[in-house]
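Start at 1 and go down the list; that is how both ligands and their atoms are numbered. Every value quoted in this text rests on a predicted model; they were computed, and no experiment measured them.
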Amino acid sequence: MPADDIRALFSRAMSDMYRSEVPQYGLLCELVARVNAQAMERDPALAARLQGERQLERLDVERHGAIRVGTAQELATLRRLFAVMGMQPVGYYDLSPAGIPVHSTAFRPVDEAALARNPFRVFTSLLRLELLADAGLRDEAARILAKRRIFTPRCLALIEQAEQAGGLDEAQAREFVAQALETFRWHSEATVDLPTYQRLRGAHALVADIVCFKGPHINHLTPRTLDIDAAQQAMRQAGLAAKEVVEGPPRRDVPILLRQTSFLALEESIRFTGGPGAGGTHTARFGEIEQRGCALTRKGRALYDTLLAEAQARAATGSPLAEAMAEGFRRFPDDAATLQREGLAFFRYAVDADRLRRAPPPPGADLAALVAGGWLQPQPITYEDFLPVSAAGIFRSNLGAEVRERFDQQGNQVAFESALGTAVIDEIALYETAQAASLAACMRVLHQGAAALSA
Ligand code: OOG
Ligand code: NI
């Protein structure tokens, strides 16, 4: 079975499982589907553009999830598990500046056809015990984690089988999906007693969430909306307490990167070890929605990061963040032509065949001339990744609003990659390659077209 099909099966199975575990998730999906249908009705050009960018068919099934693991061994095995489904680790996200003791990557498909088939992604975080101040607690957490086995033996066997044979047949793939699902299931029994849970929780809510359970329960699954402001309003009307601030850039005519908002879904009853009566609660699972815009070049991303940091600095001195963002982001051009001309966003190019039939471009015409003259049509490339500052906001909103100081230590991509067992893929390089490949294909067509016209 093609890896893309296994991923589609798995994404569907995860969604079904989460829907039965967290009823608000089903409600959220219905609400987003309604908002998306309305957005396309209101704006037929949007629907046409999404169709052209091969975004439309995938929209209904598009989800990302998130998990958190405790050890290098767990992370490395996840890498092998996701590889069976055509998902590669893309990007490095350092959450330590926000006082969150993890670093992360996103497992996702990378090529255009695979993304169009099913773009399922999993934001995956690894605990950084070395950031905890208390050495005794660090050791205790490491001992607890060393004892657990988060993969079923059959799942491990099937991963090995896939690695050796270069894939799985359909029956094996179906069994693999069922077995892999077990790793991400919720368990209402903790692996520790209540005092241990409370000690770990005292260090950081995230530490307790990662260390005290049998596995890395999926903590949210996020549908993609075409209008996050309308979806947020619909969430409130449906009684889902969406967080105040939408993470990411303010609302614009041409969406860029990623905008997200979340709500706390459940306070779960937990049975701790140590006999009857050892009950308590834990909050881990939440809901989230996101709207995706175009991917930014390194230059565009630098401008985004600067404007975001400036707005945050202004918010720290008392002005409302939303206002500071709206004000600051006026400096970010908001029309596709300027984004293209100034090299702020990535585009996929297509040849306008009618234009070419009427006349070939002048020899030596550069990109600007080809676009201005109508021979090449730029279409924005969708951002398929995440944003560290937004992710920190999402983490924070679901940890009982714990506010923490930033850690002394910086991100450590080298340590993360050594735990993972491979380097992460540079996400910007993927967009650069996609843009360059589309341009090269266009140049061949223009060249052949010009030759045919002059023959
Ligand atoms: C992950 C939070 C980050 C996103 O969409 O940025 C995230 C987590 O809470 O484990 O999901
Ligand atoms: Ni998320």
Side-chain angles (χ1 to χ4, degrees), residues 11 14-15 18 22 24-25 28-29 32 62-70 74-75 78 87 89-108 119-128 150 183-184 186 204-213 215-225 228 231-232 235 240 242-243 245-249 257-266 268 282-293 304 308 382-402 404 411 416 427:
S11 159
M14 285 279 258
S15 186
Y18 204 61
V22 180
Q24 289 99 324
Y25 169 67
L28 192 65
C29 290
V32 165
E62 178 155 357
R63 302 283 184 270
H64 86 249
I67 54 171
R68 307 152 181 170
V69 292
E74 290 175 354
L75 182 68
L78 278 175
M87 296 159 77
V90 179
Y92 173 74
Y93 302 93
D94 174 20
L95 279 301
S96 67
I100 297 163
V102 304
H103 45 188
S104 318
T105 190
F107 289 96
R108 69 166 179 88
F120 187 59
R121 330 168 168 79
V122 180
F123 190 91
T124 302
S125 300
L126 174 66
L127 178 61
R128 296 180 68 188
I150 67 171
T183 297
F184 306 101
W186 174 253
H204 199 291
L206 203 57
V207 176
D209 183 64
I210 297 173
V211 174
C212 301
F213 296 90
H217 38 260
I218 180 95
N219 64 45
H220 64 283
L221 271 184
T222 301
R224 174 174 164 197
T225 177
I228 197 165
Q232 189 182 31
M235 278 164 75
L240 304 172
K243 71 201 267 298
V245 181
V246 174
E247 301 290 345
L257 299 174
L258 178 65
R259 300 182 72 209
Q260 304 176 301
T261 185
S262 64
F263 64 93
L264 192 57
L266 294 175
E268 328 258 4
H282 178 72
T283 51
R285 297 191 294 172
F286 58 96
E288 183 192 42
I289 54 174
E290 66 187 8
Q291 179 175 356
R292 290 187 174 269
Y304 174 81
L308 177 59
T382 299
Y383 189 60
E384 305 285 354
D385 295 287
F386 295 86
L387 296 169
V389 173
S390 298
I394 300 293
F395 266 109
R396 219 179 287 115
S397 72
N398 295 292
L399 295 172
E402 258 183 84
R404 297 281 165 156
F416 185 82
E427 70 278 16

- Parallel, tilted or perpendicular: ring planes of H217 versus H282, cut at 30 and 60 degrees: perpendicular

- Query: Quick one: which of E288, R224, R121, R108 gives a side-chain hydrogen bond (donor to acceptor under 3.5 Å, both in side chains) with H64?
  - Reply: E288

What short N/O contacts, under 3.5 Å, does ligand 1 make with the protein, listed by atom pair and distance?
residue  : atom   : partner : partner atom : Å
ligand 1 : 5 (O)  : H64     : NE2          : 3.0
ligand 1 : 5 (O)  : Q260    : NE2          : 2.8
ligand 1 : 5 (O)  : E288    : OE1          : 3.4
ligand 1 : 5 (O)  : E288    : OE2          : 3.0
ligand 1 : 6 (O)  : Q260    : OE1          : 3.4
ligand 1 : 9 (O)  : R68     : NH2          : 2.7
ligand 1 : 10 (O) : R68     : NE           : 2.8
ligand 1 : 10 (O) : R68     : NH2          : 3.4
ligand 1 : 10 (O) : N219    : ND2          : 3.0
ligand 1 : 11 (O) : H220    : NE2          : 2.8

- Query: Between CD1 of I150 and CZ of F184, what distance do you get to the nearest 0.5 Å?
  - Reply: 7.5 Å

- Under the ring-ring contact (aromatic ring centres under 6.0 Å, His included) rule, what do Y18 and W186 come out as? Steps first, then yes or no, please. CA-CA 9 Å; Y18 204 61; W186 174 253; 9.9 Å; no

- Message: I'd like to know if the side chain of S15 pairs up with that of Y25 as donor and acceptor (distance under 3.5 Å, no hydrogens or angles considered).
- Response: yes

- Return yes if a side-chain donor-acceptor contact under 3.5 Å exists between H103 and Y92, otherwise no. yes

- Give the atom name of whichever N/O/S atom in E288 sits closest to the Ni ion (ligand 2). OE1

